[in-house]
Structures are given as C-alpha cells and as structure tokens.
Amino acid sequence: MKRRATEASFFALPYLAFCGIAALRLARGEAPWGDALWAVVALLAVVTIWRGWVGRFFWLILSLLVWLGAIMLLANTLAEWVPAWLLLPLLVLAPGLVFVAAWRLGDAWGQARAARLRAEGRGIREWQWVYVGRAAALAHPLARPSLGLWVSKLFVMFQATLAVLSLILLDMHWGWQVWLASVVALDIGTLLALGLGAPIAYPLMFAVLALAFTFSTPLLVYWADGVRPNLIYRHRFERLMSGGDT
C-alpha cells in the first residue's frame, strides 16, 4: 500500500523542529553535546516514521500527544485576546483532525504489513465482528457487568464531577461555562444510556473518553476491542479468521 506521505510528514514535523532547534543551539555554542544526542534520537524518529520501521507506533503516539499539547497551549494563549466561544471549534475540530491523521497513518502501516505477510504466505490471523442481534447478545453469558464497565462508569462520573466543581469554584468566561455545562450534559446522558443498556451509549462513551484522551487511552482500547461493551451496546461478537478468509 502506498505510504501516506502527508500524515507521515505531519507527525514527523515535531521531531524535525527539535532537530533544527538543537542544531541552531550547537552552531551558536549554546548547547551541550547531550542536546546533540537528543537531536540524533529525534532524527531517528523522523526516519522511523517515514520508513515505517519497527517502533513507528511509539513515535506516532508521542507525536500525537505533542500535537494535542500544542493545540491546548495555543488555545490557552489565544484566550487572552479571543472570546472563549470562538475557541471552542479549535478545541473540538483540531484534535479531531489530528486523531483522523493518526488513524489514517496507522491504518496504512497495518495494511502494508498485512499485504507483505500475505505475499510471504503468512496471512495475519485477525478478528472479525459479527452482528448477532439484540436478543442473542443480551442473552449471552458475557453480557453482564464487568470491571471494565464499572471503571468506565466511574470515569464518566469523575469527569462530570470535575466539570461541576469547575463551574462552581472557578470564575470563568461564559464561553467556558457553556463548554463545561455541555460536558456535564454529555456525561449525564452517557451514564443514563449505560444504565439503560442503550446502543447510543457506545458513541457517547467514545465522545466522553476523547475529551480526556491523555488519561483515557486504556478505556478507549477497551471500548474499541472489548468483548462486553461490543456485545452489550453494539450487539456484535467476534470470530477468529485466518489471513486467507474473505
């Protein structure tokens, strides 16, 4: 599969910037040789992302976090001159675009690896989701509360509590108050959907977790691939298929 050069360049950019800064400091005699070592590591990260070498997902995730941090820093800086409500699209759309770019690049890497292994006669054994219907799904022995689901509910409650406390204790611009009130409404709706076993809980849960991506990564993985959340809220199960299955 053709490498997605645009996404690779985007996620290699922070490492290129670090290399440039380190080189400039070295040229001016301002940096110790330890910075040169870090510059070499950053350059290795650039090549790893571009060539798709082993370790590429580590550097991709690290770059993803750097971009998200940069977006938050930019929003915090602009808040001194720009009304808060105008920053809401930045805080919603920009992280979303970064996530999409990461998904596209990761998918391209995965498809390329699958094609290479198939060409070598070593097809990947993978999972395929099969929809079983609401009645069959809820009648399955696994369709019952589990530790992962209870932790998910506690996470939603914790996020809602933080948002409510911020509304009560902090003196914020009305735009941020609207944003936090929206978060509280989302959390309450998600808790109700989770309690009722409604399928809408699945996308709502992803929205809640995306708001705290840095801390919610394990739960995001659990909701994407976990047996119970998919069985209870999407009414689908998984079967193992070989690389030659269609």
Side-chain angles (χ1 to χ4, degrees), residues 11 55-69 71-72 91-92 95-111 113-114 124-164 182-241:
F11 287 106
R56 57 192 179 275
F57 284 102
F58 170 79
W59 296 114
L60 172 62
I61 293 173
L62 186 58
S63 180
L64 173 66
L65 295 177
V66 170
W67 276 111
L68 292 176
I71 292 170
M72 298 304 170
L91 293 172
V92 174
L97 292 175
V98 174
F99 283 129
V100 170
W103 174 81
R104 283 167 56 91
L105 183 57
D107 181 66
W109 285 340
Q111 295 295 338
R113 178 173 180 269
I124 296 177
R125 292 172 64 84
E126 57 186 348
W127 294 103
Q128 180 186 64
W129 293 109
V130 179
Y131 287 89
V132 297
R134 176 182 175 85
L138 297 183
H140 196 282
L142 289 176
R144 62 180 186 273
S146 65
L147 178 61
L149 291 177
W150 281 111
V151 171
S152 300
K153 293 177 182 179
L154 289 175
F155 185 90
V156 178
M157 294 173 62
F158 179 70
Q159 180 173 277
T161 302
L162 285 181
V164 170
S182 301
V183 171
V184 173
L186 173 64
D187 291 334
I188 293 175
T190 303
L191 284 174
L192 289 175
L194 288 171
L196 295 173
I200 190 63
Y202 195 82
L204 288 178
M205 194 65 202
F206 273 95
V208 169
L209 296 175
L211 293 175
F213 171 76
T214 306
F215 308 100
S216 63
T217 304
L219 283 176
L220 279 169
V221 174
Y222 172 71
W223 276 81
D225 290 329
V227 173
R228 282 189 170 89
N230 278 279
L231 185 63
I232 296 172
Y233 297 104
R234 296 208 68 185
H235 309 149
R236 64 182 189 175
F237 207 68
E238 53 189 7
R239 70 181 180 92
L240 185 63
M241 54 186 293

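Keep in mind the model is a prediction, meaning the values are calculated, not measured. Along the sequence shown, residues are numbered consecutively beginning with 1. Below, each value reflects all heavy atoms present in this structure, side chains not excepted, and no hydrogens, waters or symmetry copies.
Rounded to the nearest 0.5 angstrom, Arg228 CZ and Leu147 CG are separated by 9.5 Å.
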For this session: Starting from the C-alpha separation in whole Å, work towards a yes-or-no answer on side chain to side chain contact (heavy atoms under 4.5 Å, CB included) for Ile188 and Val184.
Result: CA-CA 6 Å; Ile188 293 175; Val184 173; 3.8 Å; yes

For this session: Begin from the C-alpha positions of Phe11 and Trp67 and carry the test side chain to side chain contact (heavy atoms under 4.5 Å, CB included) through to its verdict.
Result: CA-CA 8 Å; Phe11 287 106; Trp67 276 111; 4.1 Å; yes

Only pairs under 3.5 Å count here: list side-chain donor-acceptor contacts from residues 98-105, not counting sequence neighbours, and write none if there are none.
residue : atom : partner : partner atom : Å
Arg104  : NE   : Glu7    : OE2          : 2.4
Arg104  : NH2  : Glu7    : OE2          : 3.0

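You'll find the side chain of Val227 reaches within 4.5 Å of the side chain of Glu238, heavy atoms only. The shortest distance between side-chain heavy atoms of Asp187 and Val183 falls below 4.5 Å. Considering only heavy atoms from C-beta on, Asp225 stays 4.5 Å or farther from Asn230 through its side chain. Using a 4.5 Å heavy-atom threshold, the side chains of Leu154 and Phe158 count as separate.
For residues 216-239, every residue pair satisfying the ring-ring contact (aromatic ring centres under 6.0 Å, His included) rule, not counting sequence neighbours, is listed here: His140-Phe237, Tyr202-Trp223, Trp223-Tyr233.
Heavy-atom minimum distance, Pro95 versus Leu68: CB-CD2, 3.8 Å. Of all heavy-atom pairs between Gly106 and Phe57, the closest is CA-CE2, 3.9 Å. The heavy-atom pair separating Gly197 from Arg134 by the smallest distance is O-NH1, 4.0 Å. Nearest heavy-atom pair, Pro145 versus Trp150, reported as atom, atom and distance to 0.1 Å: CB-NE1, 3.6 Å.
Residues satisfying the side chain to side chain contact (heavy atoms under 4.5 Å, CB included) criterion with Tyr131, sequence neighbours excluded, are Arg234, Arg236. When the side chain to side chain contact (heavy atoms under 4.5 Å, CB included) test is applied to Leu220, the partners found at least two apart in sequence or on another chain are Phe206, Leu209, Phe213, Ser216. Not counting sequence neighbours, the partners of Leu191 by the side chain to side chain contact (heavy atoms under 4.5 Å, CB included) test are Lys153, Val156, Met157. Under the side chain to side chain contact (heavy atoms under 4.5 Å, CB included) criterion, Ile200 pairs with Ala193, Ala198, Pro203, Leu204, not counting sequence neighbours.
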